Amino acid sequence: MHFSFLILLYQLIWSTTAVTALTVRPAYTSAVIKVCYDGTLFHGWSASNKKESVSDLNSNDILQEPKSQKRSRSRRNKFRPSIKVGEVRSVEQSIKSALAKLYGNVPMNKIVVEGSSRTDKGVHSVSSYALIYCISDDAGPLSIPGKKLPHPRNPYDEAFQELPFKSDMHHLVSALNKMLPPDVKVVDISPMPTIRSGKNEPFHPSLDSVKKTYRYTFSLGAIHDPIRCRAVWYSPHRSSIDLDRADKCAEILSGTHDFVAFRGAFRGNERSKTQDTVCTIYDISIFEEAGLGLQGANDCLSNLSKTFCIDITGDRFLYKQVRFMVGAIIELSTSDNLPEDILHLIFKNKEWPEKGVHSFPRLCAPSHGLCLVNVKFDQKWTFQWLYADKNASDTSSVDKLVIS
């Protein structure tokens with residue numbers, strides 16, 4: 001009987017080993033991370049820097065205090081991001097710097113962080129997505145037309161380096177968040193998604209996004225909420241807003257239009273390029289925010305400050321388009337100008353009317369009141385999120401979101 005037990009035990013071990021061998025997956029070489037950050041001290045999502053590798057950033061690049069003050073100052077600024085001489089601080093650069101170290105101090109130009117949206121300086125985000133991978137010497141030709149760098153075709157593309165920690169997603173997120181500055185964190189991760197139909201098509205977080213939702217928060221009244229001053233624009237010269245007029249502006253702006261009049265100034269070499277300025281706005285909602293900050297802490301202060309939110313959802317946005325749209329809505333809903341006449345004039349003439357043609361100014365809302373709250377991808381992509389069971393494009397959390 002003892003011999004029979006050994007035979008059964010051997011068969012059990014052999015079958016378990018065989019099943020394990022059959023279910024072993026290839027190593028992941030690319031992943032999608034969900035990033036949340038406070039954009040106050042960032043110059044936007046992406047920015048060009050001269051330093052290309054981790055070894056180039058030596059101790060002389062860090063702003064040093066006198067020796068007598070070094071210890072106390074380092075304690076006092078323990079949770080402040082470090083400042084490098086000659087660099088522009090960006091979210092993308094912070095993530096690339098941390099990943100370069102996790103990959104084993106590889107040159108930073110081998111780390112690729114492809115973002116879903118390039119937010120401007122000072123803009124926040126609670127739901128930005130980025131594809132991360134490391135280019136190896138065996139990287140093949142370009143897989144996406146128009147892109148300058150090699151791109152993985154699937155999450156197991158062997159032409160790229162394996163993710164750190166043997167592609168252990170939980171360990172990777174934990175290490176990243178320990179190395180990232182306090183104003184940017186990774187809140188979820190998934191292997192590079194694949195198409196449900198099984199086709200070998202590469203995923204790109206920007207090209208494959210179908211909807212983006214931005215929320216702009218502003219307050220009116222005699223006093224602003226100091227607790228939320230980094231994420232709420234306070235306009236002291238306006239005491240109230242006509243929500244009916246604001247809804248009328250939103251109705252006119254919704255739909256497919258040529259938004260060239262709401263585009264910001266050209267950046268870099270964009271002036272020499274032909275840009276498609278036709279965008280589709282799916283929804284614009286304007287509502288008053290209640291129960292937060294000063295209003296929620298003390299009822300007697302609720303009459304001194306009122307906070308409003310404008311949610312704008314579209315397929316794509318031009319540079320500073322959302323901020324100019326918010327400025328137009330606020331200006332037309334707090335003044336005597338007629339929304340129909342002015343906005344129809346803008347769409348008819350395409351370019352913004354010259355100064356002095358009418359009394360309606362071109363108002364660009366400050367960047368610190370804007371936040372990217374959602375990015376939706378096509379349903380054909382299958383994500384395997386580490387912390388969230390629902391799809392990354394779920395919009396149910398947008399209505400409950402509070403930027404503080």
Side-chain angles (χ1 to χ4, degrees), residues 28-57 61 79-84 87-136 147-152 155 160-165 167-193 203-206 209 371-372 375 383 385-387 392:
Y28 289 126
T29 57
S30 58
V32 176
I33 56 176
K34 183 178 181 180
V35 187
C36 176
Y37 55 88
D38 178 352
T40 304
L41 300 180
F42 287 108
H43 284 250
W45 168 265
S46 61
S48 59
N49 289 310
K50 296 181 180 180
K51 307 283 182 168
E52 292 294 343
S53 64
V54 178
S55 59
D56 291 336
L57 301 178
D61 291 331
F79 298 105
R80 288 190 59 186
S82 59
I83 303 174
K84 304 291 192 306
E87 286 202 359
V88 176
R89 190 168 183 262
S90 67
V91 180
E92 178 187 13
Q93 194 76 4
S94 298
I95 298 175
K96 288 179 67 174
S97 176
L99 284 173
K101 296 175 183 177
L102 293 179
Y103 271 105
N105 285 343
V106 300
M108 213 177 303
N109 55 9
K110 289 184 174 294
I111 304 297
V112 180
V113 180
E114 292 278 4
S116 59
S117 181
R118 294 175 57 192
T119 53
D120 303 332
K121 177 181 177 181
V123 177
H124 318 289
S125 175
V126 296
S127 185
S128 286
Y129 297 90
L131 178 67
I132 59 172
Y133 58 92
C134 182
I135 300 175
S136 64
K147 294 299 179 181
K148 300 180 180 179
L149 297 174
H151 194 93
F160 299 86
Q161 292 192 28
E162 182 182 0
L163 292 174
F165 309 110
S167 27
D168 185 338
M169 299 295 178
H170 187 275
H171 199 172
L172 177 57
V173 171
S174 178
L176 263 178
N177 284 330
K178 289 180 180 179
M179 299 180 67
L180 288 172
D183 49 356
V184 54
K185 295 298 175 184
V186 176
V187 296
D188 211 342
I189 190 172
S190 166
M192 177 180 173
F203 168 82
H204 193 283
S206 177
S209 63
C371 179
L372 176 64
V375 178
F383 291 87
W385 296 107
L386 180 64
Y387 301 117

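All values reported here derive from a predicted model rather than from experimental measurement. If you read the sequence from its start, that first residue is 1, and numbering goes on from there.
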In Å, rounded to the nearest 0.5 Å, how long is the span from [atom1] of [X] to [atom2] of [Y]?
X      : Y      : atom1 : atom2 : value
Lys96  : Ile111 : NZ    : CD1   : 8.0 Å
Ile189 : Tyr28  : CD1   : OH    : 10.5 Å
Phe383 : Met192 : CZ    : CE    : 10.0 Å

**Message:** Check the orientation of Tyr37 and Phe42. Use parallel for under 30°, tilted for 30 to 60°, and perpendicular for over 60°.
**Reply:** perpendicular
So, for [X] and [Y], which heavy atoms are closest and what is the spacing to 0.1 Å?
X      : Y      : value
Thr29  : Tyr133 : O-CB, 3.5 Å
Ser116 : Pro205 : CB-O, 3.5 Å
Ile135 : Phe160 : CA-CD2, 4.0 Å
Ala98  : Met179 : O-CE, 3.8 Å
Ser90  : Ser46  : CB-C, 3.9 Å

**Item:** Exercise: do Gln161 and Ser136 side chains pair donor with acceptor under 3.5 Å
**Value:** no
Counting distance only, does the side-chain N/O of [X] pair as donor-acceptor with the main-chain N or O of [Y] below 3.5 Å?
X      : Y      : result
His204 : Ser209 : no
Asp38  : His124 : no
Ser97  : Ser94  : no

**Prompt:** Are there more than 12 heavy atoms of other residues, nucleotides or ligands under 6.0 Å from atom NZ of Lys185?
**Reply:** yes
**Message:** Just checking Phe165 against His170, ring centres under 6.0 Å apart?
**Reply:**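 No; His170 has its ring centre 6.0 Å or more from that of Phe165.
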